[in-house]
Amino acid sequence: MGHLLDTGEDRVLKRAKLERLEPMEIVEKYTRSYFEDMDALNVQRPDISPRASGHIPEQIELVKILLEKGYAYEVNGSVYFEVAKFPEYGKLSGRRVEELLKGVRIEPNPEKKHPADFALWKRAEPEHIMRWPSPWGWGYPGWHIECSVMSTKYLGQPFDIHGGGMDNIFPHHECEIAQSEAAYGVQFVRYWMHNNMVTVEGTKMSKSLGNAIYLKDLFKRYAPLTVRFFILNSHYRSPLDFSDEALSAAEKGLERLWNTVREVRDRIPFAETGPVPDEVKEAIEKHKADFLTAMDDDFNTAQALGVLFDFSKSVNTWLAREEALSKETLMAIDGLYRELGNAILGIIPDEFPQEVRGELEVPLIQLLIELRQEFRQAKEWDKADRIRERLQELGIILEDTPQGTRWRRVRQGVKA
RNA sequence: GGCGGCGUAGCCAAGUGGUUAAGGCAGGGGUCUGCAAAACCCCCAUUCGCCGGUUCGAAUCCGGCCGCCGCCUCCA
């Protein structure tokens, strides 16, 4: 369903005309683009992504039920939900119907019995392309009914968690509750999770202000997992402010985490078999428990990340010791990173990307490392340092370790 | 005007009645290193927007005020 812009135009139709495409092509195009961004952010795809326009009969059915039960009334081919018949209206947002009227700055729709009543079905004039036949004539569904219908069709009623932005609490989620609970007489949703708003450099993000950030653009400057880490670093109920300073700090922090995990994984193939020290076992158990406690507390991802950093500090200390860690120890540590950092938070990749641009890149870097090693052995420090500096300028960082020289890319995952 | 969220160090950000206010970034000092990098150790908020109050005790509870954000509109 396109639904209307401030200008009264249909959102999808406007876009379709502009791009000279079928309305459904527009929907498909933006849906795919959205999934691309979510894939990059390591967000799992939903099992079902229902479309409102694919559920017109079900929506009509719900409107019929509400009419039959007396919660709705029809006027001129439109159907409205009568808020006065549902005393609990406002229970989610803490509003009272009487209070709502005071702030109304728009002249009430004369078709409505009460200004707070909302549309379940709207009559559509012939020029409105997205319209369907119904018992009340040609029209299209109201602005909240699709969510009630599609969520309960696939999840049942009640279902466990309904997410969404805080800005949708009223009227959208309030209306969903009214429709669904009035129709079926049982609770609609068990838990509501409302994330706070996103700002850019302290001001709200909006197209008209020209400060909107598109993920595809952001990914050119910061790796998608950096953005994910940044988002996870604050609680979902807190406002999220995008700034270069904050994103850069997140990038550094994630790199620190990755450095430790990379070191652990690099050592596994060369490590000797041996027992896992009690100290390590206990630390793994403790940090895992702390992590899960944080997540169980209303998805406190920020605190959970703190636990991961605490754990890494211990790991780094073990790694820096003289005695080598056994293969079992390293694998146990990596196992916790995979469980908490990968499976749960999705910020530590299964495998770190090499980001090779061409087949020649890796052998050439290795050649330069060899040459530099020879200069170092000859104590020709200026030449050795020049190789390291020039490579760094190219985005390759060299690190000398007791096991030899390692290299990695600066700002991994950022599309050049 | 009403409803809701937020306001914690230079920056980001946990913590919502009780020992020393997590963690990350930045900064300072040290260890390691040929020098770096990475890593480790130490330092870095007697104080939690402001003002009152409750309490033996408050960032945490109550009242008032200020600031940012959102909603109160047929965007969904």
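By convention in this document, chain letters (A, B, ...) are assigned in the order of the sequence lines, proteins followed by strands, and residues within each chain are numbered from 1.
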Protein and nucleotides 63-67 of chain B: nitrogen or oxygen contacts under 3.5 angstrom:
none

(request) Identify whether any heavy atom of A:Asn259 sits under 4.0 Å from a base atom; if not, whether one sits that close to sugar-phosphate; answer base, sugar-phosphate or nothing. (result) sugar-phosphate
(message) Tell me which nucleotide, if any, is Watson-Crick or G-U wobble paired with B:G7 when both distances must be under 3.5 Å.
(response) B:C66
(request) Could you state the atom-to-atom distance from CZ of A:Arg376 to C1' of B:G34 in whole Å? (result) 8 Å
(message) For A:Phe309, does the six-membered ring have the charged nitrogen or CZ of A:Arg256 within the cation-pi criterion, i.e. under 6.0 angstrom from the centroid and within 45° of the normal?
(response) no
(message) Taking the ring centre of each residue, are A:Phe81 and A:Tyr73 less than 6.0 Å apart?
(response) no
(message) Any strand counts, and the cut-off is 3.5 Å on both contacts for Watson-Crick or G-U wobble. Which nucleotide pairs with B:U19?
(response) none
(request) Give a yes/no verdict on base stacking between B:G34 and A:Trp381: centres under 5.5 Å, planes within less than 30° of parallel. (result) yes
(request) Ignoring backbone atoms, establish whether A:Thr199 has a side-chain N or O less than 4.0 Å from OP1 or OP2 of B:C68. (result) no
(message) Once you apply a heavy-atom cut-off of 4.0 Å, does A:Arg123 come out as touching a base, just sugar-phosphate, or nothing?
(response) nothing
(request) Look at the side chain of A:Arg408 and decide which nucleotide, out of B:A38, B:C69, B:C40, has an atom nearest to it. (result) B:A38
(request) Tell which nucleotide pairs with B:C71, taking only Watson-Crick or G-U wobble pairs whose two distances are both under 3.5 angstrom. (result) B:G2
(request) Searching all strands shown, indicate the nucleotide that pairs with B:A45 (Watson-Crick or G-U wobble; both distances under 3.5 Å). (result) none
(request) Tell me what A:Leu247 touches on the nucleic acid: a base, only sugar-phosphate, or nothing, going by heavy atoms under 4.0 Å. (result) nothing
(message) Donor-acceptor pair, distance only, cut-off 3.5 Å: does the side chain of A:Glu174 make one with the backbone of A:Ser93?
(response) yes
(request) Summarise how protein sits on nucleotides 15-29 of chain B as a single string, 5' to 3': B when a protein heavy atom is under 4.0 Å from the base, S for sugar-phosphate-only contact, - for no contact. (result) S------BBSSS---
(request) Look through every strand shown and name the nucleotide pairing with B:C61 as Watson-Crick or G-U wobble, where both distances are under 3.5 Å. (result) B:G53
(request) Answer yes when A:Glu393 and A:Arg390 have at least one side-chain N-carboxylate O distance shorter than 4.0 Å, and no when they do not. (result) yes
(message) Under 3.5 Å, is there a donor on one side chain and an acceptor on the other for A:Tyr89 and A:Asp117?
(response) no
(message) Categorize A:Met197 for me: base, sugar-phosphate, or nothing, with a 4.0 angstrom heavy-atom threshold over every strand shown.
(response) sugar-phosphate
(request) Measure from the side chain of A:Asn316, starting at C-beta and using heavy atoms only, and say which of B:G34, B:C6, B:A39 lies closest. (result) B:A39
(request) Would you mind telling me which of B:A38, B:G34, B:A39 lies closest to the side-chain atoms of A:Ala320? (result) B:A39
(message) Measuring only the P atom in each nucleotide, how far is B:G49 from B:C32? A whole number of Å is fine.
(response) 43 Å
(message) Would you say that more than 12 heavy atoms from the other residues, nucleotides or ligands in this model lie under 6.0 Å from the CD of A:Glu22, or not?
(response) no
(request) May I ask which nucleotide in the shown strands pairs with B:C35, Watson-Crick or G-U wobble, both distances under 3.5 Å? (result) none
(message) Any base atoms under 4.0 Å from A:Arg262, or only sugar-phosphate, or nothing? Heavy atoms, all strands.
(response) nothing
Enumerate the protein-to-nucleotides 47-50 of chain B contacts in which both atoms are nitrogen or oxygen and the separation is below 3.5 Å.
none

(request) Tell me whether the OP1 or OP2 atom of B:C6 has a side-chain N or O from A:Asn196 closer than 4.0 Å. (result) no
